[in-house]
Q: 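My structure is below; once you've seen it, I'll send some questions.
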Amino acid sequence: MPAVEEPLSLSVSLQPEDGSYRSLVDRKLPELPPTKEGLGQLLWWIAVTRPKQTAVTVNIAGQERGIVLKSSDVPLAELNGKEQADDCEKRFIEVFHVHCHFTKETEDDAVRILKRLERNPFVIHTHIWHEKNGPHDMWSWELWVEQAAHLGSIIAEILPISQHGFCFHPDTNDEYSDHSGRMFWIGEPDPLDLAFFTETKDYVGPSVDRQTNPAFVKSMGEEWPRAANGKLVSYKAQDRN
């Protein structure tokens, strides 16, 4: 018999408070299952609905650390009523990237965490970097998932790991805004080299419909072929020069 998942009690704090967005959040929370899947759905949704200049923290009862999306000038998706607000994450997000930064001294422990996470069948890609990876100057690993339920499972597993910090972000087909304004943090944020990307001129928010499908994952402007099991079959570093 499969283990019964303990219910999660989720809450959201805003800084500063935004009455209009608080109403959307308060309407969204009761609709979500009190599970890891519900956590993933909430994070997926916040990633593209959070208003400008509003910091969001998602808390799970019993966990010391929260999941923080810092205040930003990045535009949100255009929302016209509740139906689009509920659907926007399915329309605009290709995949989520989860990162862990580490040093030579903390590498062994960081890699052990990654190897444990890789046992989850829904992880479609991982890679360990002993060099700069895009805006990530430190050594790091990355892990990709493509569904909200999968994201919630990963985040619930890494949230209690206090000896490491983690960050994660959606790919909405705009790398600069995804890293500058949609990067969630667990633990103290590390500096990112945002100059690695070119800021999109006159950016108005997520607008490109999701292209990821069973044949490939659309991410970082490229189509990454998939094997029959859904995992990536090839990968390379990105050069933005």
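Below, each value reflects all heavy atoms present in this structure, side chains not excepted, and no hydrogens, waters or symmetry copies. In this chain, residues are counted from 1 in sequence order. Note that the structure is a prediction, hence the values are computed from the model and not measured.
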Q: Any side-chain donor paired with an acceptor under 3.5 Å for Tyr235 and Glu142?
A: yes
Q: His130 vs Trp139 aromatic rings, parallel, tilted or perpendicular, using cut-offs 30° and 60°?
A: perpendicular
Q: To the nearest 0.5 Å, tell me how far Ser11 OG sits from Ile60 CD1.
A: 9.0 Å
Q: Got Arg226 and Pro214 here, is their nearest side-chain heavy-atom distance under 4.5 Å?
A: no
Q: Is there a donor-acceptor pair under 3.5 Å between the side chain of Asp137 and the backbone N or O of Lys132?
A: no
Q: Considering only heavy atoms from C-beta outward, does the side chain of Leu232 approach that of Val217 to under 4.5 Å?
A: yes
Q: Is there a donor-acceptor pair closer than 3.5 Å between any side-chain N or O of Asn120 and the backbone N or O of Val123?
A: no
Q: Taking it one step at a time, do Val208 and Phe92 satisfy side-chain contact (heavy atoms from CB on, under 4.5 Å)?
A: CA-CA 6 Å; Val208 179; Phe92 299 132; 6.0 Å; no
Q: Show your working on side-chain contact (heavy atoms from CB on, under 4.5 Å) between Gln15 and Ser71 and close with a plain yes or no.
A: CA-CA 8 Å; Gln15 185 62 40; Ser71 174; over 6 Å; no
Q: If you group Ile, Leu, Val, Met, Phe, Trp and Tyr by side-chain heavy-atom gaps below 4.5 Å, do Val58 and Ile161 land in one group?
A: yes
Q: Phe197 versus Leu192: any side-chain heavy-atom pair under 4.5 Å?
A: no
Q: Do Glu146 and Trp144 get their side chains close enough for a donor-acceptor pair, meaning under 3.5 Å?
A: no
Q: Quick one: pull up CZ in Arg27 and CG in Leu24 and give me the separation to the nearest 0.5 Å.
A: 5.5 Å
Q: Show me, pair by pair, the donor-acceptor contacts under 3.5 angstrom made by side chains of residues 33-40, not counting sequence neighbours?
A:
unit_1: Thr35; atom_1: OG1; unit_2: Glu37; atom_2: N; d: 3.4
unit_1: Thr35; atom_1: OG1; unit_2: Gly38; atom_2: N; d: 3.2
unit_1: Glu37; atom_1: OE2; unit_2: Gln41; atom_2: NE2; d: 3.2

Q: Restricting to side chain to side chain donor-acceptor pair (under 3.5 Å), what partner residues turn up for Glu157, sequence neighbours left out?
A: Arg116
Q: Can you tell me how far the OG atom of Ser153 sits from the CG atom of Leu117, to the nearest 0.5 Å?
A: 8.5 Å
Q: Looking at every heavy atom in both Asn59 and Gly66, which two are closest together, and how far apart are they?
A: OD1-CA, 3.5 Å
Q: Check whether Trp129 and Met220 end up in the same hydrophobic cluster, where Ile, Leu, Val, Met, Phe, Trp and Tyr are linked by side-chain heavy atoms less than 4.5 Å apart.
A: yes
Q: How about Phe96 and His169: are their ring centres within less than 6.0 Å of each other?
A: no
Q: Is a side-chain donor-acceptor pair under 3.5 Å present for Asp26 with Ser23?
A: no
Q: Is it the case that the side chain of Thr212 and the backbone of Lys218 share a donor-acceptor pair, with hydrogens and angles ignored and the cut-off at 3.5 Å?
A: yes
Q: Could you tell me which non-hydrogen atom of Arg182 sits nearest to which non-hydrogen atom of Pro170, and how far apart they are?
A: O-CD, 3.3 Å
Q: Apply the test side-chain contact (heavy atoms from CB on, under 4.5 Å) to residues Phe184 and Ile155: give CA-CA distance (whole Å), side-chain angles for both, the deciding distance (0.1 Å), then the verdict.
A: CA-CA 11 Å; Phe184 293 82; Ile155 300 307; over 6 Å; no
Q: Assess the side chains of Tyr21 and Thr54: does a donor N or O sit below 3.5 Å from an acceptor N or O?
A: no
Q: Does Phe168 reach the side chain of Ile67, with side-chain heavy atoms less than 4.5 Å apart?
A: yes
Q: Check whether any side-chain N or O of Arg50 sits under 3.5 Å from a backbone N or O of Gly181 as a donor-acceptor pair, and report yes or no.
A: yes
Q: Examine Val98 and Leu114 and state if one hydrophobic cluster contains both, with Ile, Leu, Val, Met, Phe, Trp and Tyr joined whenever side-chain heavy atoms are less than 4.5 Å apart.
A: yes
Q: Between the side chains of Ser162 and Arg65, does any donor sit under 3.5 Å from an acceptor?
A: no
Q: Are any of the side-chain heavy atoms of Cys100 and Ser140 separated by less than 4.5 Å?
A: no
Q: Just by distance, with hydrogens left out, do Thr103 and Thr106 show a side-chain donor and acceptor under 3.5 Å apart?
A: yes
Q: Distance alone, cut at 3.5 Å: any donor-acceptor contact between the side chains of Asp171 and His97?
A: no
Q: Hey, is CD on Glu64 packed in by over 12 heavy atoms from elsewhere, all under 6.0 Å?
A: no
Q: How far does CG of Leu32 sit from CG of Leu42, to the nearest 0.5 angstrom?
A: 5.5 Å
Q: Could you measure the distance from the CH2 atom of Trp44 to the NE2 atom of His150? Nearest 0.5 Å is fine.
A: 9.0 Å
Q: Shortest non-hydrogen contact from Ala227 to Val233?
A: N-CG1, 3.3 Å
Q: Closer than 3.5 angstrom, by distance alone: can the side chain of Asn213 be matched with the main-chain N or O of Gln211 as a donor-acceptor pair?
A: yes
Q: Side-chain contact, heavy-atom cut-off 4.5 Å: Arg210 with Ile93?
A: no
Q: Do the side chain of Asn133 and the main chain of His136 share a donor and acceptor less than 3.5 angstrom apart?
A: no
Q: Clusters formed by hydrophobic residues whose side-chain heavy atoms approach within less than 4.5 Å: which one holds Val74, and what are its other members?
A: Tyr203
Q: Using every non-hydrogen atom in the two residues, find where Pro121 and Lys231 come nearest and quote the distance to one decimal.
A: O-NZ, 3.5 Å
Q: Any non-hydrogen side-chain atom of Ser13 less than 4.5 Å from a side-chain atom of Val56?
A: no
Q: Can you classify the ring geometry of Phe166 versus Trp141 as parallel (below 30°), tilted (30 to 60°) or perpendicular (above 60°)?
A: tilted
Q: Starting at CD of Glu199, measure out to CG of Leu194 and round the result to the nearest 0.5 Å.
A: 9.5 Å
Q: Any donor and acceptor pair, going by atom type alone, linking the side chain of Arg91 with main-chain N or O of Asp209 inside 3.5 Å?
A: no
Q: Is Leu10 linked to Leu151 within one hydrophobic cluster, defined over Ile, Leu, Val, Met, Phe, Trp and Tyr using a side-chain heavy-atom separation of less than 4.5 Å?
A: yes
Q: Can you confirm whether Asp178 sits close enough to Met183 that some side-chain heavy atom of one is under 4.5 Å from a side-chain heavy atom of the other?
A: no
Q: Does a donor on one side chain and an acceptor on the other come within less than 3.5 Å for Ser219 and Glu94?
A: no
Q: Crowded around Gln163 CD? As in, over 12 foreign heavy atoms under 6.0 Å?
A: yes
Q: Answer with yes or no whether the hydrophobic clustering places Phe216 together with Val95; edges join I, L, V, M, F, W, Y residues whose side-chain heavy atoms lie under 4.5 Å apart.
A: no
Q: Go through the steps to decide whether Val111 and Lys115 satisfy the test side-chain contact (heavy atoms from CB on, under 4.5 Å), and finish with yes or no.
A: CA-CA 6 Å; Val111 172; Lys115 296 303 180 185; 4.1 Å; yes
